[in-house]
Amino acid sequence: MSKLELFYDSVSPPVRGALLTIAALGIDDQVDLKLVRLFAREHLLEDFVKLNPLHTVPVLRHDDLVLTDSHAIVMYLCDIFGQDGDFSLNDPKQRARVHNRLCFNNAVLFQRDSAVLRNVFNRSIVTVEDHHLKPIQDAYDCLEIYLTDNKFVACDKLTVADFPIVATLSTVENVCPISKDRWPKMNAWYETMQKLPYYQQANQAGLDKLKEKLFAVMKK
């Protein structure tokens, strides 16, 4: 099989969801990482925009296939490299739950995270107020419910749905802390995810770079 190319910047939560998936599958040697520095605006360069008109990362290129959505990317990686439904699951109902949680991250949690952080970086928001956090807290409430009967977000085993969600959650909790009293199950799941052997390299390292940029802006 020909190598895949992942265009990335680890400050991006969607990228880190893909990096966690790659690490979990143990396929680092199958993927060439191509750095696109977001804060240097390299995602707006002509060659990259030709590859992805949305000028976002991650982008996965595999021969003539180009995927520009992180959730499509992680499912594709699981489908071609996973064994016996590793992380994406073969049972139709369980797989549907995985898709449902990925859609929740894509349409709800990440969008609400992005709405606040984008405005912080653009300095449209000087101080993050309660009304900015309310939509994020509502999303936390949903995630708490999803975790009521399951150890992980889709079922009782780790799936690919957990990776994008923890990448987003670990980002947004820097402006919207996770109360252990209000969201105990989410806290327990988050602690479990942070103990994964590849979490530090695949998620925390990029998150720390983003936090440095974020806190520098918030202090101004």
Quiz item: Above 12 or not: heavy atoms from other molecules or residues under 6.0 Å from CG of Asp156?
Solution: yes
Quiz item: Considering all heavy atoms of both residues, which atom of Val74 and which atom of Ala18 are nearest to each other, and what is their separation?
Solution: CG1-CA, 3.8 Å
Practice problem: Verify, without hydrogens or angle tests, whether Asn119 (side chain) and Ser124 (backbone) share a donor-acceptor contact under 3.5 angstrom. | Solution: no
Quiz item: Atom CE of Met186 and atom CD1 of Ile145: how far apart are they, to the nearest 0.5 Å?
Solution: 11.5 Å
Quiz item: If you group Ile, Leu, Val, Met, Phe, Trp and Tyr by side-chain heavy-atom gaps below 4.5 Å, do Val59 and Phe110 land in one group?
Solution: no
Quiz item: Is there a donor-acceptor contact under 3.5 Å from the side chain of Asp32 to the main chain of Glu5?
Solution: no
Self-check item: Test salt bridge (Lys or Arg N to Asp or Glu O under 4.0 Å) applied to Glu191 and Lys195, step by step
Solution: CA-CA 7 Å; Glu191 290 176 0; Lys195 293 176 183 176; 5.4 Å; no
Quiz item: Is there a side-chain contact between Leu19 and Asn203, using heavy atoms and a 4.5 Å cut-off?
Solution: no
Exercise. Examine Leu44 and Leu51 and state if one hydrophobic cluster contains both, with Ile, Leu, Val, Met, Phe, Trp and Tyr joined whenever side-chain heavy atoms are less than 4.5 Å apart.
Key: no
Quiz item: Is there a donor-acceptor contact under 3.5 Å from the side chain of Asp63 to the main chain of Leu65?
Solution: no
Quiz item: Looking at OG1 of Thr21 and CG of Asp86, how far apart are the two atoms once the value is rounded to the nearest 0.5 Å?
Solution: 12.0 Å
Practice problem: Decide whether Trp189 and Asn150 meet the rule of one side-chain donor and one side-chain acceptor closer than 3.5 Å. | Solution: no
Practice problem: Please examine the side chains of Asp9 and Val36, heavy atoms only from C-beta on, and report whether any two atoms are closer than 4.5 Å. | Solution: no
Quiz item: Where do Gly26 and Asp29 come nearest, in terms of heavy atoms and distance?
Solution: O-OD1, 4.2 Å
Quiz item: Can you tell if the side chain of Phe87 reaches within under 4.5 Å of the side chain of Lys157, non-hydrogen atoms only?
Solution: no
Self-check item: Atom NZ of Lys209: over 12 foreign heavy atoms under 6.0 Å
Solution: no
Exercise. Using the side-chain contact (heavy atoms from CB on, under 4.5 Å) rule, take Arg112 and Val172 through it: C-alpha gap first, then chi angles, then the decisive distance, then the call.
Key: CA-CA 9 Å; Arg112 297 180 187 191; Val172 74; over 6 Å; no
Quiz item: Are the side chain of Glu144 and the backbone N or O of Lys185 linked by a donor-acceptor pair below 3.5 Å?
Solution: yes
Quiz item: Is any side-chain heavy atom of Leu158 closer than 4.5 Å to a side-chain heavy atom of Leu196?
Solution: yes
Quiz item: For Gln194, does the CD atom have more than 12 heavy-atom neighbours from other residues, nucleotides or ligands under 6.0 Å away?
Solution: yes
Self-check item: Between Asp141 and Gln137, a side-chain donor and acceptor under 3.5 Å
Solution: no
Quiz prompt | Atom CD of Glu212: over 12 foreign heavy atoms under 6.0 Å | solution = no
Quiz item: If you round to the nearest 0.5 Å, how far is CD1 of Ile178 from CG of Asn187?
Solution: 5.5 Å
Quiz item: Is the side chain of Arg101 donor-acceptor paired with the backbone N or O of Ala161 at a distance under 3.5 Å, no angle test?
Solution: no
Quiz item: Okay, side chain of Asn105, backbone of Leu102: is any donor-acceptor separation there less than 3.5 Å?
Solution: no
Quiz item: Shortest non-hydrogen contact from Pro58 to Leu6?
Solution: CB-CD1, 3.9 Å
Practice problem: Apply side-chain contact (heavy atoms from CB on, under 4.5 Å) to the pair Val175 and Leu214, showing each step before the final yes or no. | Solution: CA-CA 10 Å; Val175 295; Leu214 176 64; 4.3 Å; yes
Quiz item: Is it true that a side-chain atom of Arg16 and a backbone atom of Val11 form a donor plus acceptor pair closer than 3.5 Å?
Solution: yes
Practice problem: Treat each ILVMFWY residue as a node, draw an edge where side-chain heavy atoms are under 4.5 Å apart, and state whether Phe163 and Leu207 are in one component. | Solution: no
Quiz item: Does Phe121 reach the side chain of Leu210, with side-chain heavy atoms less than 4.5 Å apart?
Solution: yes
Quiz prompt | Euclidean distance, Arg37 CZ relative to Ser10 OG, rounded to 0.5 Å | solution = 12.5 Å
Self-check item: Closest contact, heavy atoms only, Ala167 versus Ser170
Solution: O-OG, 3.0 Å
Quiz item: Looking at Arg97 and Asp91, does any basic side-chain N land under 4.0 Å from a carboxylate oxygen?
Solution: no
Quiz prompt | Pairwise distance OH(Tyr198) to CG(Asp28) - rounded to 0.5 angstrom | solution = 11.0 Å
Quiz prompt | Within 45° cone and under 6.0 Å: Arg182 NZ/CZ vs Tyr140 ring | solution = no
Quiz item: Can you get from Val15 to Phe39 by hopping between Ile, Leu, Val, Met, Phe, Trp and Tyr side chains that sit under 4.5 Å apart?
Solution: yes
Quiz item: Does Arg118 offer a backbone N or O that forms a donor-acceptor pair with the side chain of Asn122 under 3.5 Å?
Solution: yes
Quiz item: If we only count heavy atoms from C-beta on, is the Val98 to Met75 side-chain gap below 4.5 Å?
Solution: yes
Quiz prompt | Side-chain heavy-atom pair Tyr8, Ile22 within 4.5 angstrom cut-off | solution = no
Quiz item: Can you check side-chain contact (heavy atoms from CB on, under 4.5 Å) on Ile165 and Tyr146, steps first, answer last?
Solution: CA-CA 12 Å; Ile165 291 178; Tyr146 289 152; over 6 Å; no
Quiz item: For His55, does the NE2 atom have more than 12 heavy-atom neighbours from other residues, nucleotides or ligands under 6.0 Å away?
Solution: no
Exercise. Report the C-alpha separation of Leu89 and Cys155 in whole Å, then their side-chain angles, then the decisive distance to 0.1 Å, and conclude whether the side-chain contact (heavy atoms from CB on, under 4.5 Å) test is met.
Key: CA-CA 10 Å; Leu89 307 180; Cys155 60; 3.9 Å; yes
Quiz prompt | Side-chain (Asp208) to main-chain (Ala205) donor-acceptor, under 3.5 angstrom | solution = no
Practice problem: Can you see which heavy atom on Leu67 is nearest to which on Ala72, and at what distance? | Solution: CD1-O, 3.9 Å
Quiz prompt | Shortest non-hydrogen separation from Leu77 to Leu25 and the atoms involved | solution = O-CD1, 3.6 Å
Quiz item: Mind checking whether Val108 and Leu117 sit in one hydrophobic cluster, side chains of I, L, V, M, F, W, Y counted as touching below 4.5 Å?
Solution: yes
Practice problem: First locate atom CG of Asp138, then atom CG of Leu143, and finally report the distance between them rounded to the nearest 0.5 Å. | Solution: 13.0 Å
Quiz prompt | Sub-4.5 Å side-chain heavy-atom contact between Phe7 and His43 | solution = no
